[in-house]
Number of protein chains: 2
Amino acid sequence: MAETARQIADDLRARISSGELTPGDRVPGEPALVREYGVAKETARRALTLLVDEGLAVRRRGSGTYVREFRPIPRVANKRLAEDGWGAGKSIWDADLGDRQYTVTDLQVYESEPPRQVAKLLELDESELVVVRSRRYVVEGEPVQRATSYLPARDVRESPITQENPGEGGIYGRLADLGLKPVRFTEELRARMPSQEESSLLALSAGTPVVEICRVAFTANGRPIEVNQMLLDAGVYVMRYHLES
Amino acid sequence: MAETARQIADDLRARISSGELTPGDRVPGEPALVREYGVAKETARRALTLLVDEGLAVRRRGSGTYVREFRPIPRVANKRLAEDGWGAGKSIWDADLGDRQYTVTDLQVYESEPPRQVAKLLELDESELVVVRSRRYVVEGEPVQRATSYLPARDVRESPITQENPGEGGIYGRLADLGLKPVRFTEELRARMPSQEESSLLALSAGTPVVEICRVAFTANGRPIEVNQMLLDAGVYVMRYHLES
DNA sequence: GAGTGGTCTAGACCACCGT
DNA sequence: CGGTGGTCTAGACCACTCT
C-alpha cells in the first residue's frame, strides 16, 4: 500500500472534479482522513498538501481545508481591438464577470538608478536615472497585482508624471503632452512560482503561481519610453490578447 | 527555533540568489542539512521541498538536489509585427537563444463531439462535430507543449486538414484554400499548477506551473474557424506579444 | 474548549544512482 | 556498494477559529 498520500489525493481530486465537492465546500480534514484511511496524520497532511499545491484546495488554519474558487479577472491587453474586433466577450473561462473595481495602494514615486535589464530596454546611457512609479492593485480587499513603471528621468522629470496623481489620462496622457505618446507595445509574459516575499506581497495562497509581465512602450519614433514590470496573482487573472493578420 | 524548515530554505535561497550556488550546482542534500542544522531528516526534506516548490531547485533521486536552470524558449504570438516592429529581439529574460528545433510527436487526428466550451466558441449547433488535431511538441528531447486544435467538421472534413500532414503552410494554408483564411485571433492565457496527468504528459518537475492558452482564429467574415487549446511548460516558455495603438 | 491546521522529531524501510 | 531522495509512522506541542 505504498503511495498512500497520492492515493488519497487522487480520491479527493476525483470527488472534486466529479462535482461531489464543489468550490467553497469543505474537504475532509486531517483527522477525518486519519480515521477513514487509517494513516498517520503526516500522511493525511501530505495528501492535502498535494491538492493545495495543485491549486485545487485552500487551507484555513483552525477551520479546515476548502475547495478553491476561481473567478478570474480579465486583463485585456489591447482594448481597442477587443472592442471593435471579433470574439469580444467570448471566453473559455467565465471571465465575463469583470469590471470589478481596482483600488490602487502603496503608490510610490521616486527617482533612482534603473535595474540593469530595464536600462537596456530603455536604451539608457550609463548612470542615467529613471523615474519609478510603483503601486499595488487591490480588488475586493485582496491584492492582485504589483506594477512598477520605469521612465527615463531626463524626459519626464519636469512633468506631472512625478506627481502621485499625474492627472486625466494617467502617465500615458502626460507622455502625449510631451510629444512622447506611446503607440506600440511589447509584452513579455512568464509564469513561475513566487518567492516568499512575492507570496506575502500578493497574499497568495500556496500553490498559486504568479505571472510576470514586462511591457515596453514605444513612441511613434520607435523610441522606448516606458518599461512596466507587473506581477500578477495567476489565480485571479486571465490575460487576453487580440491579434491581426 | 520554530519555523526551522523555512529558515533553512531562506538560507539556501540566499545562497542561490547571491550567486554562491549557481544554476546546475548541487544544493546541500538532506543528510548534509541534518548534520549542519541538527534537525530531523523530515525537516531538512521540508526545507528542500520549499525550494523545489518555488521552482528554484530540482530533485534527482539517488543523486542530489540541484539549482534549476532556466533557458526560456520565446513564443512570439504575432511574428509579422515582431519583425518589422520595434523592440524586436529585446527581452528581459535571455530568450534570444531561440529557434531550437521543434519536433512533433503523438499527432492524432480524429472527428468527435467538441467540448462544450469549444462548441460555444466555434458557434456550433447542437450535435455538430469537430475535427480534432492533437499533438505534442518536443524540444531537445523534452516535451514542452501539447496543442489541440478544433475545427468545424462540416467545413474541413473533405480537406487535407484531416490528413496527418496537411501540406505546405499547415492547416492555415488549407483553410485559405477553402476561402476560410484566419486573419484575426484572440488568445486567452491562464497560468496554474498542473494536474498529475498534465504533469506527467509534459514531464514537469515539481514546482513548475503550466500556461494554458486558448486561441480562437477568425476568418475575414468574423466567423470563428479554429480553436486551439495549448498547454505549455511554464518553465520553458516566455510568451511575447506586440500591440499597436 | 473542542476541533483544525502547522511544525517538528526519531526512526523505519524502500528505490534509485553512481562508482 | 554507499549515498541520495521517497514515503510512511506515532507521537508531541503549538496556534488559530469557531461556537
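Below, chain A is the first sequence line, B the second, and so on; all start at residue 1. Below, each value reflects all heavy atoms present in this structure, side chains not excepted, and no hydrogens, waters or symmetry copies.
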Subject >> Residues forming a salt bridge (charged side-chain N to carboxylate O under 4.0 Å, His left out) with Glu20(B), sequence neighbours excluded >> reply: Arg15(B)
Separation of [X] atom [atom1] from [N] atom [atom2], in whole Å?
X: Glu30(B); N: dT9(C); atom1: CD; atom2: P; result: 14 Å
X: Leu33(B); N: dG5(D); atom1: CG; atom2: C1'; result: 12 Å
X: Arg35(A); N: dA10(D); atom1: CZ; atom2: P; result: 16 Å

List in chain and number order the residues that pass side-chain hydrogen bond (donor to acceptor under 3.5 Å, both in side chains) with [X], two or more places apart in sequence or in another chain; answer none if no residue qualifies.
X: Gln163(B); value: none
X: Arg192(B); value: Glu198(B), Glu212(B)
X: Arg135(B); value: Tyr137(B), Ser149(B)

Original post:
OP1, OP2 of dT4(C) versus side-chain N and O of Thr65(A): anything below 4.0 Å?
Top reply: no
**OP:** Only pairs at least two apart or in different chains count here, so list each side chain to side chain donor-acceptor pair (under 3.5 Å) that has a residue in residues 47-64 of chain B.
**Re:** Arg13(B)-Glu54(B), Thr49(B)-Arg59(B), Ser63(B)-Tyr66(B)
**OP:** Mind running a 4.0 Å heavy-atom check of residues 37-58 of chain A against DNA chain D and sending the residues that fall below it, in number order?
**Re:**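 Contacts with DNA chain D under 4.0 Å: Val39(A), Ala40(A), Lys41(A), Glu42(A), Thr43(A), Arg46(A).
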Subject >> Between Tyr172(A) and Glu226(A), a side-chain donor and acceptor under 3.5 Å >> reply: yes
If you restrict it to nitrogen or oxygen atoms, what contacts under 3.5 Å exist between nucleotides 15-19 of chain D and the protein, and what is each distance?
residue : atom : partner  : partner atom : Å
dA15(D) : O3'  : Arg61(A) : NH1          : 3.4
dT17(D) : O4'  : Gly62(A) : O            : 3.2

Validation: residues 199-207 of chain A side-chain donor-acceptor distances under 3.5 Å, sequence neighbours left out:
residue   : atom : partner   : partner atom : Å
Ser200(A) : OG   : Glu197(A) : O            : 3.0
Ser205(A) : OG   : Arg68(A)  : NH2          : 2.5

Atom pairs and distances, side-chain donor-acceptor, residues 24-44 of chain A, under 3.5 Å, sequence neighbours left out:
residue  : atom : partner  : partner atom : Å
Asp25(A) : OD2  : Thr22(A) : N            : 3.0
Asp25(A) : OD2  : Thr22(A) : OG1          : 3.4
Glu30(A) : OE2  : Arg45(A) : NH1          : 2.5
Tyr37(A) : OH   : Asp11(A) : OD2          : 2.7

